[in-house]
Participant: 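Below is one structure. I have some questions about it.
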Amino acid sequence: MKSFLKWMMPVSLLVTISSTLIAQDVAPAETVAAVAEAVEAVAEAAPAVVEVDAATTALFTANNVWMMVCTALVFLMHLGFATLECGLTRAKNTVNILFKNVAIVAIGLLTYFFCGFNLMYPGDAWMLSGVFGFAADGFGLASVATADVTAGYADAGYTYWTDFIFQGMFAATAATIISGAVAGRVKLGSFLIFCAIYVGFVYPVVGSWVWGAGWLDGKGFHDFAGSTLVHSVGGWGALICAIILGPRKGKFVGNDVRPIPGHSMPLATIGMFLLWLGWFGFNGGSVLSADPSDTSRVLVTTNLAAAAGVLGAMFVSWMIQKKPDLSMALNGALAGLVGITAGADCITPNMSIVVGLIAGVIVVFSVMAIDNLKIDDPVGAISVHLVCGIWGTIAAGLFDYTGSYSVGTQLLGIAAYGITCVIAAGILFGAIKAILGVRVSEEEEIQGLDIGEHGMEAYGGFQIFHNY
């Protein structure tokens with residue numbers, strides 16, 4: 001039917017032209033010549049119009065479908081975070097960790113709906129040029145009547161709604177990173193308040209500096225999918241919260257660092273593989289189109305870096321501890337993924353292996369260093385997301401094959417994000433500590449947060465897990 005209507009339009013145009021010429025008393029010969037000219041023009045133009053329109057529609061549809069698939073993959077990462085954190089911590093805190101991960105997704109999406117999206121992408125509505133802005137749509141999203149769902153939005157990449165839901169998944173991820181670093185001793189209510197404000201306001205404001213065409217973007221800072229904008233922002237928050245909160249009971253005794261092993265390495269391994277799978281959407285979707293060349297290359301660099309990260313962490317931990325450590329290998333994969341995220345589009349496959357390998361080595365030494373600093377991070381979130389996020393951001397300038405980005409500008413961005421996030425997280429979590437408190441009682445910590453905070457157990461009836 002649509003095809004029929006497209007071909008009927010030129011016919012109606014001819015009828016209109018002919019009627020107009022006749023009404024103006026144009027000579028018959030001139031009328032015939034004019035109509036013939038119009039017929040020829042329409043004959044040449046009509047097939048081209050149909051062809052271009054069909055190609056644009058097909059591209060627009062393909063891009064949207066790919067972006068929505070990637071959104072689902074990034075959503076799946078939250079299951080990965082939940083199972084990884086559960087596996088690497090004690091059984092008596094499992095319900096608490098699962099609850100936090102469920103709540104974070106809900107809080108992240110809703111705060112991003114109310115204000116985050118418009119803070120991160122202010123358009124021309126900058127209040128402080130390149131630093132802070134709020135889109136003209138105000139609180140909430142554009143109305144159904146005004147939202148752009150045409151191929152004119154984002155260069156035929158995707159619709160306004162696709163844009164929001166994909167970016168909303170990223171927002172929730174920043175808070176999930178913090179969850180692992182404070183596991184086993186944080187008050188649930190205090191943590192959720194912190195997440196709502198940090199993800200609702202801090203994350204989108206600093207995100208606008210690059211992805212919202214802010215001041216750092218103008219200086220040429222590059223972060224393809226979020227080594228700094230997502231992972232380091234979450235990592236800085238995790239570092240400050242872990243310092244203010246203090247370590248779990250029994251983690252540090254005098255100068256000794258006592259390992260507190262997780263209760264389920266199968267769960268942790270499942271979590272890592274879910275996260276690895278989710279990175280197909282995290283980095284693959286950040287191409288912001290279904291372009292076959294760019295998307296496939298980004299997926300190659302992403303996965304090579306992850307594989308190299310596993311080997312880097314595996315060999316180094318094996319050499320140091322004399323036995324291969326599964327938890328280090330798992331974090332090595334994530335380190336490689338975080339490390340390549342900033343430059344997955346501008347680093348060659350060969351160099352992506354180098355980036356991932358170095359990230360895998362870095363994460364092992366970082367975990368050890370953070371323990372020696374007596375900062376308790378039960379899942380290695382600070383090492384994976386902050387330290388390797390910094391490395392990945394530097395690597396995007398160091399190994400950029402396009403010649404477009406510099407290490408100096410990358411360092412400037414790292415410093416700007418670090419200073420801002422440390423101050424914001426410190427003020428926010430410090431204020432919550434002063435007003436509400438942030439740590440559960442010693443009795444509750446020993447008993448487990450599942451009973452103390454939720455009144456239930458993840459493994460009811462399995463005595464082997466009690467008090468572990």
Participant: Indicate whether any N or O donor in one side chain lies under 3.5 Å from an N or O acceptor in the other, for T402 and D400.
Facilitator: yes
Participant: Counting neighbours of CZ on F75 that are heavy atoms of other residues, nucleotides or ligands and sit closer than 6.0 Å, is the number greater than 12?
Facilitator: no
Participant: Are there more than 12 heavy atoms of other residues, nucleotides or ligands under 6.0 Å from atom CZ of F132?
Facilitator: yes
Participant: Establish, yes or no, whether a centroid distance under 6.0 Å links the rings of F282 and F170.
Facilitator: yes
Participant: Mind listing the closest non-hydrogen atom pair of N283 and A225 along with its distance?
Facilitator: OD1-CB, 3.3 Å
Participant: For the residue pair T146 and S143, confirm or rule out a side-chain donor-acceptor distance under 3.5 Å.
Facilitator: yes
Participant: Give me the atom names and distance for the closest heavy-atom approach of V298 to G284.
Facilitator: CG1-N, 4.2 Å
Participant: Sort out for me which residue in Y112, F113, F114, F134 forms a ring-ring contact (aromatic ring centres under 6.0 Å, His included) with F139.
Facilitator: F134
Participant: Under a 3.5 Å cutoff, is there a donor and acceptor pairing between the side chains of T162 and T159?
Facilitator: yes
Participant: Do T393 and T228 get their side chains close enough for a donor-acceptor pair, meaning under 3.5 Å?
Facilitator: yes
Participant: Would you mind telling me which of Y203, Y417, W391, W279 makes a ring-ring contact (aromatic ring centres under 6.0 Å, His included) with H231?
Facilitator: W279
Participant: Are there more than 12 heavy atoms of other residues, nucleotides or ligands under 6.0 Å from atom CZ of F201?
Facilitator: no
Participant: Answer yes or no: are there more than 12 heavy-atom neighbours, outside D256 itself, under 6.0 Å from its atom CG?
Facilitator: yes
Participant: Any donor and acceptor pair, going by atom type alone, linking the side chain of D137 with main-chain N or O of L141 inside 3.5 Å?
Facilitator: no
Participant: Between D376 (side chain only) and K251 (backbone N and O only), is there a donor and an acceptor less than 3.5 Å apart?
Facilitator: no
Participant: Using a distance-only test with no angle check, is there a side-chain donor-acceptor pair under 3.5 angstrom linking Y153 and D163?
Facilitator: yes
Participant: Taking the six-membered ring for Trp, are F194 and F429 ring centroids under 6.0 Å apart?
Facilitator: yes
Participant: Are Y160 and F117, when compared by the centres of their aromatic rings, separated by less than 6.0 Å?
Facilitator: yes
Participant: Please say whether more than 12 non-hydrogen atoms of neighbouring residues, nucleotides or ligands are located less than 6.0 Å from CH2 in W126.
Facilitator: yes
Participant: Pick out which of T94, N93, N101 makes a side chain to side chain donor-acceptor pair (under 3.5 Å) with E85.
Facilitator: N101
Participant: Is there a donor in the side chain of S383 and an acceptor in the side chain of S366, or the other way round, less than 3.5 Å apart?
Facilitator: yes
Participant: Side-chain donor-acceptor pair under 3.5 Å between N96 and H454, yes or no?
Facilitator: yes
Participant: Can you name the nearest heavy-atom pair linking V105 to A172, along with the distance?
Facilitator: CA-CB, 4.2 Å
Participant: With no hydrogens and no angle check, do the side chains of D325 and S327 hold a donor and an acceptor under 3.5 Å apart?
Facilitator: yes
Participant: Exactly one of L337, V363, I382 should register a side-chain contact (heavy atoms from CB on, under 4.5 Å) with C388. Which one does?
Facilitator: V363
Participant: With no hydrogens and no angle check, just 3.5 Å: does a side-chain donor-acceptor pair link D217 and H222?
Facilitator: no
